[in-house]
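Structure first, commentary second.
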There are 2 protein chains.
Amino acid sequence: MELTVAEENYLKAIYHLSDGGKKSVSTNDIASEMKTKPASVSDMLRKLGEKEVIEYRKYYGLQITDSGKRYALQTIRKHRLWEVFLVDKLNFAWDEVHEVAEQLEHIQSPLLIQRLDAFLNYPKFDPHGDPIPDEFGDVRSRPRVQLNEMEINQTGQIVAVEDSSAAFLRYLDKVGAYIGARIKVLDKVEFDGSIEILVDQKKTIFMSKDVASNILIIQS
Amino acid sequence: MELTVAEENYLKAIYHLSDGGKKSVSTNDIASEMKTKPASVSDMLRKLGEKEVIEYRKYYGLQITDSGKRYALQTIRKHRLWEVFLVDKLNFAWDEVHEVAEQLEHIQSPLLIQRLDAFLNYPKFDPHGDPIPDEFGDVRSRPRVQLNEMEINQTGQIVAVEDSSAAFLRYLDKVGAYIGARIKVLDKVEFDGSIEILVDQKKTIFMSKDVASNILIIQS
DNA sequence: TTTGAGAATTAGGTTGGTCTAAAAATAATT
DNA sequence: AATTATTTTTAGACCAACCTAATTCTCAAA
């Protein structure tokens, strides 16, 4: 069965918002993610329900079906492969690729994606460090390391904290670190293991080894 | 101004059918090229006229405007660059690329095309030997050679004949050669300059030097 | 347990691109 | 020149994807 471009986009948004089918998603959430109105979303949910890529009960919510997940992962795979292409081969900066990849992800040609994958040397992660699903939709999630174990000049993204006490989160917030931030290790002090990192290519933060060991990074 | 995908496709078809604005094109021709019905074409011609990419007078015909030519050449440029990419980088066969390039040509991103062009080393011809317009729409047409001047194993495409008498054209038709045919030189006889060529990868033809000298080829 | 507030859905309309069937314009033939 | 044939355009409909406005549903608070 063929999905339209709009259907692919909705399905991808639903997949992301529901965190792969785990969380529930509201019509309003989808509308704001897709920059459309809730009325349009209801309409589309009915259609997606008819195509059985979601299970949809009016007013109650929805659930992505296995079929739906496969479609979503396929689109995500294409998006991320194209991002790798743009950055690795065409020298795009990592923040310039999204729009173009949004268009390229809808090109229909299994052969193209197969060849592109080979041409790029079967990358497992996109330029943002997000994993690229394989052709069956399987995702290898990247191992996470503690920030204090990283070396100078390595880069990555904050994905979780080990100490999730309010005090610690407040501290992170205060210094400008947050889940999802992209970081780069600028310096490490051998003496006490304290570390200096660059957040989002603009803000520099110093922190003790103790703090750093509570921050989990996926490297990129 | 932005053209829709359908508008780009119609404009490209009109450009090709009119041979770059030289010949006149009928509604029926466009319909059969686009695999739509004449009624749909009339509708679209009105829209293209309003956007001033063609000059359209009902029942009388149409003329591509300079603006229209620029759009058409831009689309053709993108199509052919993508074809080079598919063949040179992703190892597609030359007859597998068209469908995919039809999709890729509609991706909107001037930066992408600029970078792709550089990545491919500013190719001047696509895998079919057709010239790639530059970003201003200028086309460098490939120098044409007489078939008898080609060497063994060289390939190319028949683009014109020097003797266009009915007798000669009838002869060409009879042996299975035609304008547009892809050919490869299989053998040349030193003694009398006669030549053996392979047409469209299937048919072998022998011809005298005299005949060959009246056939013009662009090499690829 | 009734009642609002807010979320979600339906009703009805618009636009782009297509279609069929009918009408109009042009071209061809007697 | 008149009639017929062909091409082209218009009229009216449909589908996908969106919209606004009105309605319906749910859920929490009074």
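In what follows, every chain begins at residue 1, and chains take the letters A, B, ... in the order their sequences are listed. Predicted model, so just to flag it, every value in this text is computed and none were measured.
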(request) Give the C-alpha distance, both sets of side-chain angles, the deciding distance and a yes or no for side chain to side chain contact (heavy atoms under 4.5 Å, CB included) between A:Q146 and A:L216. (result) CA-CA 5 Å; A:Q146 292 174 323; A:L216 296 178; 3.9 Å; yes

(request) Could you please name the option among D:dT10, D:dT8, D:dA17 that lies closest to any side-chain atom of A:E7? (result) D:dA17

(message) For B:F119 and B:F85, take the angle between the two ring planes, folded into 0 to 90°, and tell me which bin it lands in: parallel under 30, tilted 30 to 60, perpendicular over 60.
(response) tilted

(message) Please confirm whether the shortest side-chain N or O distance from B:Y56 to OP1 or OP2 of D:dT9 is below 4.0 Å.
(response) yes

(message) Whether A:S40 contacts D:dC19 is assessed here as follows: a side-chain N or O lying under 4.0 Å from the phosphate OP1 or OP2. Is that the case?
(response) yes

(request) Would you mind classifying the nucleic acid contact of B:A6 as base, sugar-phosphate or nothing, using non-hydrogen atoms under 4.0 angstrom? (result) sugar-phosphate

(message) Rounded to whole Å, please give me the gap between CG in A:L48 and P in D:dC18.
(response) 11 Å

(message) So, OP1 or OP2 of D:dT7: does either fall under 4.0 Å of a side-chain N or O from B:S26?
(response) no

(request) Tell me what A:S42 touches on the nucleic acid: a base, only sugar-phosphate, or nothing, going by heavy atoms under 4.0 Å. (result) base

(request) Find out whether B:E7 and B:V53 are in side-chain contact, i.e. whether some heavy atom of one side chain is under 4.5 Å from a heavy atom of the other. (result) no

(request) Round to a whole Å and report the spacing from CD of A:E50 to C1' of D:dC15. (result) 13 Å

(message) Under the side-chain contact (heavy atoms from CB on, under 4.5 Å) test against B:W82, which residue among B:V87, B:V97, B:L120, B:I113 passes?
(response) B:I113

(message) On DNA chain D, compare the nucleotides closest to A:M34 and A:K58; which residue's is nearer the 5' end?
(response) A:M34

(message) What is the separation between atom CD1 on A:I30 and atom P on D:dA17, rounded to the nearest whole Å?
(response) 15 Å

(request) Give me the first and last nucleotide of DNA chain C, going 5' to 3', that has any atom under 4.0 Å from a heavy atom of chain B. (result) C:dG16 to C:dT26

(request) Starting from the 5' end of DNA chain C, give me the residue, B:T36 or B:K47, whose nearest nucleotide shows up first. (result) B:K47

(message) What is the distance, to the nearest angstrom, from the CD atom on A:E8 to the P atom on D:dA17?
(response) 11 Å

(request) Would you mind reporting whether A:D43 and A:K47 have side-chain heavy atoms less than 4.5 Å apart? (result) yes

(message) Using whole Å, what does the distance between atom P of nucleotide D:dC14 and atom NZ of B:K37 come to?
(response) 19 Å

(message) For B:K12, is there an ion pair with B:E102 - N to carboxylate O distance below 4.0 angstrom?
(response) yes

(request) Take the protein atom CG of A:L45 and the nucleotide atom C1' of D:dA17, then report the distance between them rounded to whole Å. (result) 13 Å

(request) Drop me the distance from B:E8's CD to B:H106's NE2, to the nearest 0.5 angstrom. (result) 5.5 Å

